[in-house]
Amino acid sequence: MSESLVPETRVLAVASHVVYGHVGNSMATFVMQSMGCEVASLNTVHFSNHTGYRQFKGTRATASEITDLYQGLYQSNLTDFDVMLSGYAPSAAAVEAVGNIAIDLKRKAEKKPGSFFWVLDPVMGDQGRLYVNDDVVPAYKKIIHHADLILPNQFEAEVLSGIKITSLATLAEAISAIHRIYSIPHVIITSVQLFKLSQSGNTPSPPENFLTVIGSTTHSDGSPRLFRIDVPALDCFFSGTGDMFAALMVARLREAVVAADEDLRTTRSWISPDNVPASNLPLAQATLKVLSSMHSILERTIVARDAELAATVSEQNGDGNAEEQQKRDHLRRTKAAEVRLVRNAHLLRDPVVRFEVQQWCKEDLPAQLK
């Protein structure tokens, strides 16, 4: 098993926690530990279950509570982290508190370039709407330039860039704008439906049943090096997949950087030299393994979900009114779709690479980016 573990990595994971299921740190901590990372979990919320059930109990951490937990680590010299992964924060003040933790860790690492890396998932919304308070957006915009890699979805990329993504050209513009506005070295937009975007270049769009992950690492002049990976869409809604992606990315990017060369490990933000093409970037190679692991685990989750739903259909006996039956059915289906993580942990460590990295064709870039 040791041969399949990534290089030793100490991670501070700041995200939500649920008692049941795999979302937030309940997902990320197990994933990174399974890969061989030492993980310290700082939980921003503590819920009974994820909010997709439409009902839950629990508490949200205040900004002062988040800060106090970090100060407890600091006073005992327990902050020797290689990577910080941050996800959901329940308020603008909490976002600021998380940012201050990252800033402090980056300050400590200033004399050793490459020794600390911040992966930030700016959790704000999806499908065209915010699910956080409006003041969370400016809070993220204030701290985000301190991050090394951000993982927005398409909607969050639009919010951060100020550009509506309607085509391949505007997608490239949005990524370039994020690089430029926030001085972010690495960006991955975690899910884009390219078949919905109007075509204006030579890069073929995948069919409707595919999702595309788009990533970029800057050149020395700040311009993007864009790559894409197309993945078959699965007919199921899963909770926690963004957290799985982020956690796997921490481990796989660290692995890819260590494998690249000694100089990259000691380079600020792990930015590859300009002569490294987009498809060969550590970010691209890491993403390839991440998506391969995820797709295999989610395929097995669907099989287990269908079996669980078939086994429990007899429980839907028609008792109660229509509203109550609808609620029970929603809870049953949501529970059945929980990611089957533990029994498939071997797929985290040893993925079968099933996809390929495509470098973005120059013809598909807006004129100002060519």
Could you pull out the closest heavy-atom pair between Phe245 and Val213, with the gap in Å?
CZ-CG1, 4.4 Å
Would you say Leu288 and Leu264 are hydrophobically clustered, going by side-chain heavy atoms of ILVMFWY under 4.5 Å?
yes
Determine, stepwise, if the pair Arg225 / Val276 fulfils side-chain contact (heavy atoms from CB on, under 4.5 Å).
CA-CA 9 Å; Arg225 273 177 282 189; Val276 178; 3.9 Å; yes
Minimal heavy-atom distance between Leu42 and Tyr70, with the atoms involved, is CD1-N, 4.2 Å
Sequence neighbours left out, what passes side-chain hydrogen bond (donor to acceptor under 3.5 Å, both in side chains) with Thr29? Give chain and number order.
Ser41
Please name all residues satisfying ring pair (Phe, Tyr, Trp, His ring centres under 6.0 Å) with His330, sequence neighbours left out, ordered by chain then number.
none
Table please: side-chain donor-acceptor pairs of residues 78-85 below 3.5 Å, with sequence neighbours left out.
from: Thr79; atom 1: OG1; to: Lys108; atom 2: NZ; distance (Å): 2.4
from: Asp82; atom 1: OD1; to: Arg10; atom 2: NH2; distance (Å): 3.3
from: Asp82; atom 1: OD2; to: Arg10; atom 2: N; distance (Å): 2.8

Could you check Arg340 against Glu308 for side-chain contact (heavy atoms from CB on, under 4.5 Å), going step by step and ending with a plain yes or no?
CA-CA 12 Å; Arg340 301 314 200 272; Glu308 181 173 334; 2.7 Å; yes
Between Leu73 and Leu12, is there a side-chain heavy-atom distance shorter than 4.5 Å?
yes
I'd like to know if the side chain of Ser161 reaches the main chain of Ala157, judged simply by a donor and an acceptor atom lying under 3.5 Å from each other, with no hydrogens or angles considered.
yes
If you measure from CD1 on Ile101 to CD1 on Ile66, what distance do you get to the nearest 0.5 Å?
7.0 Å
If we only count heavy atoms from C-beta on, is the Val39 to Asn25 side-chain gap below 4.5 Å?
no
Where at least one partner belongs to residues 259-271, residue pairs that pass salt bridge (charged side-chain N to carboxylate O under 4.0 Å, His left out), sequence neighbours excluded
Glu262-Arg265
At their closest point, which heavy atom of His186 faces which heavy atom of Ile184, and how far apart are they?
O-CG2, 3.0 Å
Value for CD1 (Ile189) from CD (Glu156), rounded to nearest 0.5 Å, stands at 10.0 Å
Going by side-chain heavy atoms closer than 4.5 Å, which hydrophobic residues are tied to Tyr53, directly or by a chain of links?
Tyr20, Leu331
Joint cluster assignment, Val45 & Met124, ILVMFWY side-chain distance < 4.5 Å:
yes
Answer yes if the side chains of Asn153 and Thr190 hold a donor-acceptor pair under 3.5 Å, and no otherwise.
no
Taking Gly87's backbone N and O only, do any of them form a donor-acceptor pair with Asp121's side chain (distance below 3.5 Å, no angle check)?
no
Is the shortest side-chain heavy-atom distance between Pro282 and Ser272 below 4.5 Å?
yes
Starting from Phe237, can I reach Val18 by hopping between I/L/V/M/F/W/Y residues whose side chains sit under 4.5 Å apart?
no
Does Tyr131 have more than 12 heavy atoms from other residues, nucleotides or ligands lying within 6.0 Å of its OH?
yes
Side-chain heavy atoms under 4.5 angstrom apart, residues restricted to Ile, Leu, Val, Met, Phe, Trp, Tyr: same cluster for Leu298 and Val31?
yes
Donor-acceptor check, side chain of Ser293 to backbone of Leu347, threshold 3.5 angstrom: yes or no?
yes
Would you call the rings of Phe355 and His295 parallel, tilted or perpendicular, taking 30° and 60° as the class edges?
perpendicular
Flag the pair Val136 / Leu130 as yes when at least one side-chain heavy-atom distance between them is below 4.5 Å, and no otherwise.
no
Under 3.5 Å: donor-acceptor pair, side chain of Ser26, backbone of Gly24
no
Are Ser91 and Arg60 side-chain neighbours, meaning at least one heavy-atom pair lies under 4.5 Å?
no
Looking only at heavy atoms, the pair that brings Tyr88 and Thr44 closest together is O-OG1, 2.7 Å
From CD1 (Ile103) to NE2 (His146), nearest 0.5 Å:
3.5 Å
What's the spacing between Leu248 CG and Thr287 OG1 if we round to 0.5 Å?
10.5 Å
Checking the side chain of Asp274 only, and the main-chain atoms of Ser220 only, is there a donor and an acceptor separated by less than 3.5 Å?
yes
If you define the side chain from C-beta out and look only at heavy atoms, does anything of Glu338 sit under 4.5 Å from His50?
yes
Please list all pairs passing the salt bridge (charged side-chain N to carboxylate O under 4.0 Å, His left out) test where one or both residues lie in residues 283-300, with sequence neighbours left out.
Glu255-Lys289, Glu299-Arg354
Are more than 12 heavy atoms from other residues, nucleotides or ligands located less than 6.0 Å from atom CG of Asp235?
no
Working note: Lys141 + Ile181, criterion side-chain contact (heavy atoms from CB on, under 4.5 Å); need CA distance, chi angles, decisive distance, verdict.
CA-CA 10 Å; Lys141 289 182 175 180; Ile181 295 168; over 6 Å; no
Verdict with reasoning, Glu110 to Phe116, per side-chain contact (heavy atoms from CB on, under 4.5 Å):
CA-CA 9 Å; Glu110 283 178 351; Phe116 178 76; over 6 Å; no
Closest heavy-atom contact between Pro224 and Ser216?
CB-OG, 3.2 Å
Heavy-atom distance under 4.5 Å between the side chains of Asn100 and Thr67, does that happen here?
no
Are Val357 and Val352 connected in a single hydrophobic cluster, I mean Ile/Leu/Val/Met/Phe/Trp/Tyr linked by side-chain heavy atoms less than 4.5 Å apart?
no
CH2 (Trp270) and CG (Leu149) are apart, to the nearest 0.5 Å, by 9.5 Å
dist Ser279:OG -> Arg228:CZ (nearest 0.5 Å) comes out at 13.5 Å
Would you say the side chain of Trp118 lies within less than 4.5 Å of the side chain of Leu105, judging by non-hydrogen atoms?
no
When every non-hydrogen atom of Thr62 is compared with those of Glu65, the smallest separation belongs to N-OE1, 2.9 Å
Would a distance-only check, ignoring hydrogens and angles, find a side-chain to backbone donor-acceptor pair under 3.5 Å from Arg305 to Thr334?
no
